[in-house]
Protein chains: 2
Amino acid sequence: MLQLRDLPTKETLKKFAQRYPQADISAVSAFLHLLRLATDLSVALDTCLSRHGLLQGRWWVLILLMREENLTSTPSALADKAGVTRATMTGLIDGLERDGLVERLLDSRDRRSVSVKLTAAGQSRLDTVMPDYYRRLHDCMAGLNEVDRERLHEILNLIGSGIEAFNR
Amino acid sequence: MLQLRDLPTKETLKKFAQRYPQADISAVSAFLHLLRLATDLSVALDTCLSRHGLLQGRWWVLILLMREENLTSTPSALADKAGVTRATMTGLIDGLERDGLVERLLDSRDRRSVSVKLTAAGQSRLDTVMPDYYRRLHDCMAGLNEVDRERLHEILNLIGSGIEAFNR
DNA sequence: CTCATATAATTAGGTGGCTAATTATTAAAT
DNA sequence: ATTTAATAATTAGCCACCTAATTATATGAG
């Protein structure tokens, strides 16, 4: 994400804008503050999760499995939903299996395939993590009323639709 | 970062809220969308930078050096400003030095210390990267007027002041 | 002056991402 | 029926981050 602690001041931005006249100072400022806060939130989330022996990658796998009717999915489906590669998912499942939070089951119909199932220990781990996460997140967002939250969504969507400018 | 592609629907959130009554659904939704967009922005930025042989870590080092009057700083100061450890900064400087974008200079007054200086090649690299970055960012943010940008700052600040809820 | 402590940078080793290559199996085309 | 292509999972090796330990040097207290 954005590690940078030392965000540019208005003066620094103006100085750069002298050399690079393309610079849109308020756009840079909004962009950097957004990345900065998101990074802080992500680090804070990991801090919370690490108290329970998890980090985001493994935590999402448990949640994705809990969403399933039979608490079961495949590595490839999990990788797609979690937004990581299959290679990365193999590693995450390795770690979760080592900790006994999920188990791998062979599929008799397609012998290429593997099922991953949330174990009782995995469910129980979620049952201690999730209330803690929800409570902290509620407290974190307590300063925003419903109108603020809706307005935030709108602004994020506006930025999101401009993101392709980077990929052109 | 938030890798997760498959953000929970309202239904999924409600289902989880039945098991975990602490859940504040609109808070979770705002939180996840914020992390999601920031991740997409960060990936998009890296895409842009990688066209110029850089990623965020190395790019920030070059920018931090360019901010300095004499284009020079130390690994420890750079690490603090960039928000990474000194060990990580050693690696980033190694890479930049290998590419000839910065140079290490010994400090005669304190022989523990090393100076890192932006080379002409480093400045020239920035002179091609920055206009590209600024133009794309301007286009990305074109959907937000100044009022939106100010409102976004306010909302981010509100969330930021709640972040300690995660670290308690 | 010397010893303990602090500081600067690096090295070593771990984690969670990535891509590319490999292995096993299934499906499809000739 | 056999070959070819696609798919599922894994392995191997790279990168950027981390913490902890190490090396070299500087500083301050007795």
S.K.: Determine whether the side chains of B/Ser29 and B/Ser26 contain a donor N or O and an acceptor N or O closer than 3.5 Å.
M.R.: no
S.K.: For A/His153, which residues count as a ring pair (Phe, Tyr, Trp, His ring centres under 6.0 Å) partner, sequence neighbours excluded?
M.R.: B/His33
S.K.: Counting only side-chain nitrogens and oxygens, does A/Thr85 get under 4.0 Å of the OP1 or OP2 atom of C/dC18?
M.R.: yes
S.K.: Describe, in one word, how the ring planes of B/Tyr134 and A/Tyr20 are oriented to each other, choosing from parallel (under 30°), tilted (30 to 60°) and perpendicular (over 60°).
M.R.: tilted
S.K.: Quick one: do B/Asp40 and B/Arg36 make a salt bridge, cutoff under 4.0 Å?
M.R.: yes
S.K.: Below 4.0 Å from chain B heavy atoms, what is the first contacting nucleotide of DNA chain D and what is the last?
M.R.: D/dA16 to D/dA26
S.K.: Return the value, rounded to whole Å, for the distance between atom CG of B/Asp94 and atom C1' of C/dA12.
M.R.: 14 Å
S.K.: Where is the tightest heavy-atom contact between A/Leu35 and B/Ser42, given as atom of each residue plus distance?
M.R.: CD2-N, 4.3 Å
S.K.: Touch check for A/Thr88, heavy atoms < 4.0 angstrom, all strands: base, sugar-phosphate only, or nothing?
M.R.: base
S.K.: Taking only N/O atoms, report every protein-nucleotides 2-5 of chain C pair under 3.5 Å with atom names and distance.
M.R.:
none

S.K.: Just jot down the salt bridge (charged side-chain N to carboxylate O under 4.0 Å, His left out) partners of B/Arg111, sequence neighbours excluded, or say none.
M.R.: none
S.K.: Under 4.0 Å between any heavy atoms, over every strand shown, what does A/Thr90 touch: base, sugar-phosphate, or nothing? Just pick one.
M.R.: base
S.K.: On DNA chain C, check which nucleotide each of A/Asp110 and A/Gly57 is closest to and give me the residue with the more 5' one.
M.R.: A/Gly57
S.K.: May I have the distance from A/Asp46 (atom CG) to C/dT15 (atom C1'), rounded to whole angstrom?
M.R.: 12 Å
S.K.: Any chance NZ of A/Lys15 has more than 12 other-residue heavy atoms, nucleotides or ligands included, within less than 6.0 Å?
M.R.: yes
S.K.: With a 4.0 Å cut-off on heavy atoms, is B/Arg111 in touch with a base, just the backbone sugar-phosphate, or nothing at all?
M.R.: sugar-phosphate
S.K.: Tell me the interatomic distance from A/Ile93, atom CD1, to C/dG17, atom C1', rounded to whole angstroms.
M.R.: 15 Å
S.K.: With a 3.5 Å cut-off and just heavy-atom distances, do the side chain of A/Arg112 and the base of C/dT26 make a donor-acceptor pair?
M.R.: no
S.K.: Could you give the CG-to-P distance, from A/Leu78 to C/dG17, as a whole number of Å?
M.R.: 13 Å
S.K.: Can you sort out the partners of A/Arg136 under salt bridge (charged side-chain N to carboxylate O under 4.0 Å, His left out), two or more places apart, ordered by chain and number?
M.R.: A/Asp132
S.K.: Taking for each residue the nucleotide of DNA chain C bearing the nearest heavy atom, is the 5' side occupied by A/Ser108 or by B/Gly91?
M.R.: B/Gly91
S.K.: Measure CG/A/Leu54 against P/C/dG16 and give the value in whole Å, please.
M.R.: 11 Å
S.K.: Which pairs would a plain distance check flag for residues 80-87 of chain B, meaning a side-chain donor or acceptor within less than 3.5 Å of a matching protein atom at least two apart in sequence or in another chain?
M.R.:
{"residue": "B/Lys81", "atom": "NZ", "partner": "B/Glu68", "partner atom": "OE2", "Å": "3.1"}
{"residue": "B/Thr85", "atom": "OG1", "partner": "B/Thr88", "partner atom": "N", "Å": "3.2"}
{"residue": "B/Thr85", "atom": "OG1", "partner": "B/Thr88", "partner atom": "OG1", "Å": "3.1"}

